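What you are looking at is a predicted structure, and each value in this text was computed from that prediction instead of being measured. Residue numbers begin at 1 in each chain, while the letters A, B, ... track the order of the sequences.
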Number of protein chains: 2
Amino acid sequence: MPIQAIRTQRLYRQIADQLRQLIERGEFPPGTLLPPERELAQALGVSRASVREALIALEVVGQVEVRVGHGVVVLEPKSSSVLPVMSQAARQQPWALDPEFSDETALDFEEEIPPYALLQARRHVEPEAAALAAEHVTPEALESIREAFTRNVEDNHRVQKRGGGGRPHSHAGDRLFHMRIAEASGNPAYALLIKHLLGHQYGVMFRRLQDLYMTTDMSDRSQEDHQRILDALIAKDANAARAAMADHLDYVLETFFAEAE
Amino acid sequence: MPIQAIRTQRLYRQIADQLRQLIERGEFPPGTLLPPERELAQALGVSRASVREALIALEVVGQVEVRVGHGVVVLEPKSSSVLPVMSQAARQQPWALDPEFSDETALDFEEEIPPYALLQARRHVEPEAAALAAEHVTPEALESIREAFTRNVEDNHRVQKRGGGGRPHSHAGDRLFHMRIAEASGNPAYALLIKHLLGHQYGVMFRRLQDLYMTTDMSDRSQEDHQRILDALIAKDANAARAAMADHLDYVLETFFAEAE
DNA sequence: AATTGCCAATGGCCTGACCTTTAAACGATA
DNA sequence: TATCGTTTAAAGGTCAGGCCATTGGCAATT
């Protein structure tokens, strides 16, 4: 016989479980009120504090709603699909999504980072990643970079053929190019960093940069820059790769800020 | 003038929300312990019962784990919990919604990055962030950095008093120190990068580094380094800050790799 | 009929106490 | 020296009782 792990469940869990069973059994149909906290405490032979903890647990998962001065209302068992609690939680905890309550939270991952800050960071990180890549790049990695380069060239071609009125230019090739260089550095941390930096340039503020990309010779110049970087990687010349990447980003920075003022 | 609806949040929600923010800000990284209930209650100016209710709410949502007689452990932000999985995913990889960028560049973020790679990247990024911070730091930011420094000193003290057999050393103070400097740089991108780098040093491989921290004079030396960095920031000396941060990380790298071979 | 005032019921929160569990620290012992 | 109980401080678990704030129905008032 397998050993039965005896676990002294914390009281609030036991109470919450029991209440949940009673609710599901129909003892307290949706819409009705649970007995008052004081009664529950006495009936269960526990303190009111424990009952309150149990009720809060049930409230957090959206099974009941506590109304001050009124009572504890049993809620409808909402869509018990894969993400039942999601909608429930969102409804029951407006503060979870309410911007008013996320003030100063610095939800650092959603925060929109200004283009200049992003580019400044990339300007600092990517040349080093490129230098590392020149030293550590494998033939396969080089091939994947070359492929990204080609794709970027195609992207640029497409945009020029269509003129300014085409669909928004896809920067997938460009992103892929930078991303794969970072991966080729052999240091996954650099790849992580650059991936995050690239991932944050989807904010509205980047529309300007993207517009610039099409209304200037930026794409041509970028392509030349990319070619230089690629050559340096092929030559496994760390210094050249670092310099080429730095020049490239300097150019982007300059272009952006020349127009931005 | 429209009437402003007064919304008296129940106390446990305010507390839970605040704790959640602190956790997300990095004050209490995953794996560390929250302050004892009694301390929290006193610090927040509320009763212990309310703190407990908040902790239960956080526990139900899978953000913390309460261990009897031990403390409240901060958990990894797992999407397996009751938390809204979608928004969680989107929060961590904003570009996940862009189909053009989702191809092949799968560098999953759960991947464990080797300590050396992590430290190398930090070695490259943090000195620059420190230099920027020296130029842009505000009095409030400086105060928050000083507070993190103090906390780190306390952490070290605690570990020394207990000797080698003490409980695992909390690096919360150290993390905070580095993170707040990044935030003080005025460039949110640097803060983002460093936050992610720090967030990855919880893998098993870092146990060695953490052990070293206690079995050598690393904590003393680190503390001196931190002091130098702090002084440079106070003096608003960018070059000194950059150098101090670089020296600090060089020391950590050296120590780790002298022992690691 | 509408408004106002009252009040019992109910949840919200606090204080302070005591118990149980955990794990570090300590000794005793082999 | 290493191992194994014992001790003990710290942390969570629970309880009792009290006071406050809100709600909602009912009665008194206009």
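Sorted by first then second residue, the salt bridge (charged side-chain N to carboxylate O under 4.0 Å, His left out) pairs that include residues 134-143 of chain B, not counting sequence neighbours, are B:Glu143-B:Arg146. Within the structure, ring-ring contact (aromatic ring centres under 6.0 Å, His included) pairs that include any residue of residues 25-76 of chain B do not occur (at least two apart or interchain).
Every residue two or more places apart in sequence or in another chain that forms a side chain to side chain donor-acceptor pair (under 3.5 Å) with B:Glu37 is listed here: B:Arg48, B:Arg52. Remark: B:Phe177 pairs with B:His226 by the ring pair (Phe, Tyr, Trp, His ring centres under 6.0 Å) rule, at least two apart or across chains. Applying the side chain to side chain contact (heavy atoms under 4.5 Å, CB included) rule to B:Leu40 yields the partners B:Leu19, B:Pro35, B:Val51; only residues at least two apart in sequence or on another chain are considered. Looking at residues two or more places apart in sequence or on another chain, you find a side chain to side chain contact (heavy atoms under 4.5 Å, CB included) between B:Ala240 and B:Ala232, B:Asp237. When the salt bridge (Lys or Arg N to Asp or Glu O under 4.0 Å) test is applied to A:Arg13, no partner is found at least two apart in sequence or on another chain. For B:Glu126, the side chain to side chain contact (heavy atoms under 4.5 Å, CB included) criterion is met by B:Arg122, B:His178, B:Ile194, B:Met245, B:Leu249, not counting sequence neighbours. Under the salt bridge (Lys or Arg N to Asp or Glu O under 4.0 Å) criterion, B:Arg67 pairs with B:Glu65, sequence neighbours left out.
For the helix from C:dA1-D:dT30 to C:dA30-D:dT1, the axis fitted to the five pairs at one end and the axis fitted to the five pairs at the other end meet at an angle of 10° (nearest 10 degrees).
The stretch residues 37-56 of chain A comes close to DNA chain C through A:Glu37, A:Arg38, A:Arg48, A:Arg52, each having a heavy atom under 4.0 Å from the strand.
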What verdict does the salt bridge (Lys or Arg N to Asp or Glu O under 4.0 Å) test give for B:Arg151 and B:Asp174, after you've listed the backbone C-alpha separation in whole Å, the side-chain angles of each residue and the deciding distance to 0.1 Å? CA-CA 8 Å; B:Arg151 178 158 166 185; B:Asp174 180 71; over 6 Å; no
Do any N or O atoms of the protein come closer than 3.5 Å to N or O atoms of nucleotides 20-23 of chain C, and which pairs are they?
none

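Counting to the nearest Å, the C1' atom of C:dC13 and the CD atom of B:Gln9 are 15 Å from each other. Atom CD1 in A:Ile15 sits roughly 10 Å away from atom C1' in D:dT14 (whole-Å rounding).
Checked against C:dC14, D:dT14, D:dG12, the side chain of A:Leu11 finds its nearest nucleotide in D:dT14.
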